There are 2 protein chains.
Amino acid sequence: MTNRLQLDRFLPYRLSITSNLVSDRIAHAYESMFGLTIPEWRLVAVIAEVDAITQAEIGERTRMDKVTVSRAAIALVGRGLLERAPNESDKRSHLLSLSAAGRELYALVAPKALELEARVFARFTPAELEAFTTMLRRIDAAALEED
Amino acid sequence: MTNRLQLDRFLPYRLSITSNLVSDRIAHAYESMFGLTIPEWRLVAVIAEVDAITQAEIGERTRMDKVTVSRAAIALVGRGLLERAPNESDKRSHLLSLSAAGRELYALVAPKALELEARVFARFTPAELEAFTTMLRRIDAAALEED
DNA sequence: CAATAATAGTTTCAATTGATACCAACCCCT
DNA sequence: AGGGGTTGGTATCAATTGAAACTATTATTG
């Protein structure tokens with residue numbers, strides 16, 4: 001029989017399985033260790049990298065929905081981890097940056113994140129990981145094309 | 001600065017991005033073409049491969065939550081795509097199989113699925129795809145370990 | 001063979017999600 | 001200047017999700 005589909009070999013399916021397995025692990029760890037959801041943690045990470053950024057930019061970088069970004073930002077501001085400064089050049093938006101507490105938290109979370117990553121990916125060689133991420137990026141590009 | 005985390009290179013994050021991009025594309029296509037959610041479509045695919053199977057087994061194979069499987073099964077039975085036969089050897093469970101209509105649908109959906117997959121993954125060589133799926137499986141194994 | 005634990009499947013409920021609508025501010029065009 | 005369209009962000013609402021409780025059946029153990 002030609003052209004037979006086996007779910008087990010169907011790449012979108014495999015990708016989803018793997019992503020969920022990894023995400024679940026990480027999500028539980030973040031939640032229990034720092035009380036952070038994945039979107040919240042992503043905001044912290046992105047903002048730590050750039051210092052000041054608008055929500056729209058965060059959405060673009062992380063491909064998170066703007067609603068998701070909005071809620072995560074509100075939650076983090078509420079917890080004193082994030083600060084909002086008025087954006088002079090566009091008064092609709094705010095510039096988000098980490099508060100002192102936010103930077104402290106980040107200093108705790110980042111190594112933990114790398115450790116979690118290492119625990120799952122330790123068994124792979126740098127070359128394998130490199131090839132893998134390259135594939136992921138190429139797939140991203142393919143999925144985004146012609147829509 | 002050593003040990004700096006860049007979200008952009010954080011593998012769990014990249015994996016999630018890619019998986020979501022691909023899933024969204026597929027989900028929209030299935031929904032608009034066949035009125036199927038992804039869990040529903042997975043049931044159809046798995047059941048087509050094996051003929052008769054319990055929900056528990058489906059959950060095991062696909063790593064979908066039993067609640068998700070239950071709801072998809074109910075929906076598919078309701079639409080006449082799936083049939084439930086009593087399982088003589090265990091009266092708690094049912095044996096699910098495709099109805100005639102279900103097989104017809106599957107005959108339509110499967111090639112479409114392969115085509116969608118091809119559209120995103122066409123640019124990769126068989127060797128690349130092979131290496132990629134191998135990585136995914138190894139990651140699955142790593143993520144499942146010691147938990 | 002009770003009685004206890006485990007399993008298949010469903011229901012319930014609370015949380016997360018994203019589509020949509022909305023407001024305010026901006027941009028562009030004439 | 002002043003509409004017409006776009007964009008940043010929030011609010012609302014309906015759908016999806018999974019944890020936990022529940023029912024019915026099966027397995028295990030004393």
Side-chain angles (χ1 to χ4, degrees), chain A residues 16-17 19-21 23-28 30-32 35-43 46-47 50 52-78 82-97 147, chain B residues 16-17 19-21 23-28 30-32 35-43 46-47 50 52-78 82-97 147:
Chain A
S16 160
I17 295 274
S19 170
N20 287 341
L21 279 175
S23 282
D24 282 359
R25 269 210 131 194
I26 305 268
H28 283 132
Y30 287 171
E31 168 56 39
S32 66
L36 288 176
T37 65
I38 285 195
E40 286 167 8
W41 141 248
R42 285 182 182 171
L43 286 216
V46 170
I47 296 170
V50 301
I53 188 173
T54 64
Q55 294 183 189
E57 270 181 273
I58 294 174
E60 210 171 306
R61 284 180 185 235
T62 61
R63 300 207 172 287
M64 287 192 284
D65 194 87
K66 65 177 182 171
V67 178
T68 306
V69 174
S70 170
R71 281 194 276 244
I74 290 170
L76 291 170
V77 170
L82 223 62
E83 278 163 5
R84 280 183 160 155
N87 181 358
E88 289 308 328
S89 67
D90 185 341
K91 287 174 187 160
R92 290 170 300 183
S93 66
H94 313 99
L95 289 177
L96 301 179
S97 57
D147 205 16
Chain B
S16 160
I17 295 273
S19 171
N20 287 342
L21 280 174
S23 282
D24 283 359
R25 267 211 131 191
I26 305 267
H28 283 133
Y30 287 171
E31 168 57 37
S32 67
L36 288 177
T37 65
I38 286 194
E40 285 167 8
W41 140 248
R42 285 181 181 172
L43 285 217
V46 170
I47 296 170
V50 299
I53 188 174
T54 64
Q55 294 182 190
E57 271 182 89
I58 294 174
E60 209 172 306
R61 284 180 185 237
T62 62
R63 300 202 170 287
M64 287 193 285
D65 194 86
K66 66 178 181 172
V67 179
T68 307
V69 173
S70 170
R71 283 196 271 246
I74 290 171
L76 291 170
V77 169
L82 222 61
E83 279 163 6
R84 278 183 161 156
N87 182 357
E88 289 309 329
S89 66
D90 185 341
K91 284 173 188 160
R92 290 170 302 183
S93 67
H94 313 100
L95 289 177
L96 301 179
S97 57
D147 204 17

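In this text, all values refer to a predicted model and were calculated from it rather than measured experimentally. Basis for what follows: all heavy atoms, side chains included, without hydrogens, waters or symmetry-related copies. Throughout, a chain's letter reflects where its sequence line sits, starting with A, and its residues are numbered from 1.
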Its contact letters, B for base, S for sugar-phosphate only and - for none at protein heavy atoms under 4.0 Å, make nucleotides 2-9 of chain D read -----BSB
Under a 4.0 Å heavy-atom criterion, DNA chain C is touched by chain B from C:dA6 to C:dT12
Which part of the nucleic acid, if any, lies within contact of B:T68, taking any heavy atom under 4.0 Å across all strands shown: a base, the sugar-phosphate backbone alone, or nothing?
sugar-phosphate
Angle by which the axis turns from one end of the helix from C:dC1-D:dG30 to C:dT30-D:dA1 to the other, five pairs per end, to 10 degrees:
30°
Value in whole Å for how far the C1' atom of D:dT17 lies from CZ of B:R71:
7 Å
With sequence neighbours excluded, tell me which residues meet side chain to side chain donor-acceptor pair (under 3.5 Å) with A:R84.
A:Q55
Drop me the distance from A:I58's CD1 to A:L96's CG, to the nearest 0.5 angstrom.
5.0 Å
Pick the closest DNA chain C nucleotide for A:T37 and for B:H28 by heavy atoms, then say which residue is nearer the 5' end.
A:T37
B:R42 versus B:T68, side-chain donor and acceptor atoms under 3.5 Å
no
With sequence neighbours excluded, residues passing salt bridge (Lys or Arg N to Asp or Glu O under 4.0 Å) with A:D90
A:R92
Is there side-chain contact between B:L43 and B:T62, with heavy atoms separated by less than 4.5 Å?
no
Would you kindly compare A:V67 and A:E88 by the position of their nearest DNA chain C nucleotide and give the one closer to the 5′ end?
A:V67
Using 0.5 Å steps for rounding, measure from the CG atom of B:N20 to the CZ atom of A:R63.
11.0 Å
In Å, rounded to the nearest 0.5 Å, how long is the span from CD1 of B:I38 to OG of A:S16?
7.0 Å
Before giving the answer on side-chain contact (heavy atoms from CB on, under 4.5 Å), spell out for B:R71 and B:V67 the whole-Å C-alpha distance, their side-chain angles and the decisive distance to 0.1 Å.
CA-CA 6 Å; B:R71 283 196 271 246; B:V67 179; 3.0 Å; yes
So B:I53 and B:L95, do their side chains get closer than 4.5 Å, heavy atoms only?
no
Residues in salt bridge (Lys or Arg N to Asp or Glu O under 4.0 Å) with B:E40, at least two apart?
B:R79
